[in-house]
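Report on one structure; see the data block that follows.
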Amino acid sequence: MTTTQYAQRRARLLEKMQHGIAVVPTAPEIARNGDSHYSYRHDSNFYYLSGFTEPEAVLVLIAGVSPKAMLFCREKNPEREIWDGHRYGPDAAREQFGFDAAYPIAQLDEKLAELMGNQPALFYPLGHDAAWDERILKLRSAVRAKVRSGIRAPDEIRDIRALLNEMRLIKDTHELDIMRRAAAISTSAHRRAMQFTRPGLFEYQVEAELLHEFCSHGARHTAYTSIVASGANACVLHYVGNDARLKGGDLLLIDAGCELGSYASDITRTFPVNGKFSAAQKDVYEIVLAAQAAAIGAARPGNAWDAPHNAALRVLAQGFIDLKLCSGSVDAVLENESYKRFYMHRTGHWLGMDVHDVGDYKTGGSANKNESDWRPLQPGMVLTVEPGCYIRPADDVPKALWNIGIRIEDDVAITATGNEVLTEAAPKTVAAIEELMKR
Ligand code: GLY
Ligand code: MN
Ligand code: MN
């Protein structure tokens, strides 16, 4: 990605703003314990517009006839750089990242109070970070106090995310390229996990294989905490304990994806610990796989956001009836929602820089509660397709199905003619999984 692409995104945003000032801070560093910090991750919006990954940085944009992009960042500091490494400093940052101007972060309040003066609108992610909200609102009040000297504060505060989320929802070719690469690393990690898995190991040992594959391909961070869930643990949707011993006869559900170049991948595969599906496991698995195929088939441009979900639901509902988990007709099961006992989540979400990426799912914004207004899918959107089935022990459930938890998740990019499954290379048919695990 060259700096031009970031500059083009800023230019597009400035055009959408029409007038006013935008303030986009990056993420804070967060202490974990003692002198130790969580691994730093920049704010996705900030990065999308800047390409700049240092902490303590703020992007300021001024829209209008002569639009401007400014960066506030840490100054060079030879002493700190001995300890923590290179910092660009404003001059080099301006030049390398193509800003119109750059200033030391210490000057932010003073400069921002000046820059806000007489701007009609302030675009800002209000409500995202309480400390920033307080600081920004205080600055606006300070500007307002200058009213007698003829300076006006922005009347209007607008959520910049309304503009940015729509931009981020449609991935450009560079973004799709990075997402393909992230997906490729994650698919090879899932293959590696399948080949490594055998009874007697611990879930965390399989997790270590995933992490090894991510890191050794340059993806040093996961996009989210890996779920490595065997047996009954697979029925806990957000299981992250990853410390149980793998038993022959159990399934292993792995939901894991790396982050590469600030973009997420998100894959789930479920396979037998001993390399061979039992008859009951296979019965449930084939239903989830068929539901996923139906959902992927429905992930096409022009179809509504919930078309894949509805396609998956119909297949699952029929499957649950066949397995005697639900009774009645498919329509009745969908209507009375008895399927929710075994499939309680939705079939996917947007995917991008954030694993649950930004973008409205309905036309007219997130406030739209009308179920019929799901937005149409468009080329450049990337979503996950991840149906599942989670069967907890209960008297009215056939015993052979107890503790079977299955999810199959792929990352799907909508194209002009249909879709591209970015994570195709991770095996998911019974035959392909058993074949890989045999070797
Ligand atoms: N791994 C998070 C999700 O599947 O949504
Ligand atoms: Mn997932
Ligand atoms: Mn997901």
Side-chain angles (χ1 to χ4, degrees), residues 41 44 168-169 171 179-180 182-194 203-204 206-207 209-211 213-214 219 221-230 233-242 251-260 262-271 285 288-289 291-293 295-296 298-299 305-309 311-313 316 340 342-359 361 377 381-390 405-414 419-428:
R41 171 58 154 77
S44 295
R168 280 177 53 189
L169 179 56
K171 275 70 183 174
M179 292 187 77
R180 274 187 204 103
I185 294 170
S186 294
T187 58
S188 61
H190 278 262
R191 294 175 69 89
R192 182 181 176 122
M194 285 179 194
E203 290 164 346
Y204 50 72
V206 181
E207 182 180 20
E209 293 297 307
L210 298 161
L211 297 177
E213 195 72 10
F214 293 164
H221 300 287
T222 58
Y224 53 92
T225 305
S226 306
I227 296 171
V228 182
S230 62
N233 296 334
C235 294
V236 177
L237 295 179
H238 293 162
Y239 175 79
V240 287
N242 298 3
L251 290 173
L252 180 64
L253 181 157
I254 297 180
D255 185 345
C258 69
E259 179 180 291
L260 184 78
S262 300
Y263 286 79
S265 55
D266 182 6
I267 304 180
T268 308
R269 289 293 183 265
T270 310
F271 53 93
Y285 190 87
V288 178
L289 189 62
Q292 207 223 14
I296 291 175
W305 157 257
D306 72 336
H309 180 60
L313 275 188
L316 289 174
K340 281 197 174 165
F342 307 103
Y343 180 50
M344 56 298 280
H345 59 78
R346 293 194 61 91
T347 305
H349 49 82
W350 303 131
L351 184 73
M353 277 193 279
D354 298 332
V355 63
H356 290 181
D357 207 34
V358 297
Y361 291 93
L377 297 172
M381 291 175 169
V382 181
L383 57 141
T384 65
V385 178
E386 49 179 306
C389 173
Y390 314 91
I406 293 170
R407 179 164 63 256
I408 307 171
E409 175 174 30
D410 281 298
D411 302 346
V412 176
I414 304 297
N419 66 52
E420 173 187 350
V421 180
L422 307 179
T423 46
E424 193 80 79
K428 62 180 172 183

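Just so you know, ligand 1 is whichever comes first in the structure, and atom 1 is the first atom listed for that ligand. Source: prediction; values computed, not measured.
In this structure, the side chains of Y285 and F271 stay at 4.5 Å or more apart for every pair of heavy atoms. Two residues are said to be in side-chain contact when any heavy atoms from C-beta on lie closer than 4.5 Å; L210 and V228 meet this criterion. Looking only at side-chain heavy atoms (C-beta outward), R180 and Y263 stay at 4.5 Å or farther from each other. At a threshold of 4.5 Å between non-hydrogen side-chain atoms, the residues D266 and D411 count as touching.
The shortest N or O to N or O distance between R407 and ligand 1 is not below 3.5 Å.
With respect to atom 5 (O) of ligand 1, the closest heavy atom belonging to the protein is H356 NE2, 2.7 Å. Counting protein heavy atoms only, atom 3 (C) of ligand 1 is closest to D266 OD2, 3.3 Å.
Less than 4.0 angstrom separates some heavy atom of E409 from each of these atoms of ligand 1: 4 (O). Heavy-atom contacts of H349 reach the following atoms of ligand 1: 3 (C), 4 (O), 5 (O) (cutoff under 4.0 Å).
Minimum-distance N/O/S atom of D266 relative to the Mn ion (ligand 3): OD2. The Mn ion (ligand 3) is closest to atom OE2 of E386 (considering only N, O or S atoms). Taking the N/O/S atoms of E409 in turn, the shortest distance to the Mn ion (ligand 3) belongs to OE2.
Between the side chain of S262 and the backbone N or O of M353 there is no donor-acceptor pair closer than 3.5 Å. Of the possible polar contacts, one joining the H190 side chain to the A256 backbone as a donor-acceptor pair under 3.5 Å is found. In this structure, S230 contributes its side chain and L252 its backbone to no donor-acceptor pair below 3.5 Å.
For a distance bound of 2.8 Å, the N, O or S atoms of D255 include one lying that close to the Mn ion (ligand 2). For residue H349, an N/O/S atom approaches the Mn ion (ligand 3) to within less than 2.8 Å.
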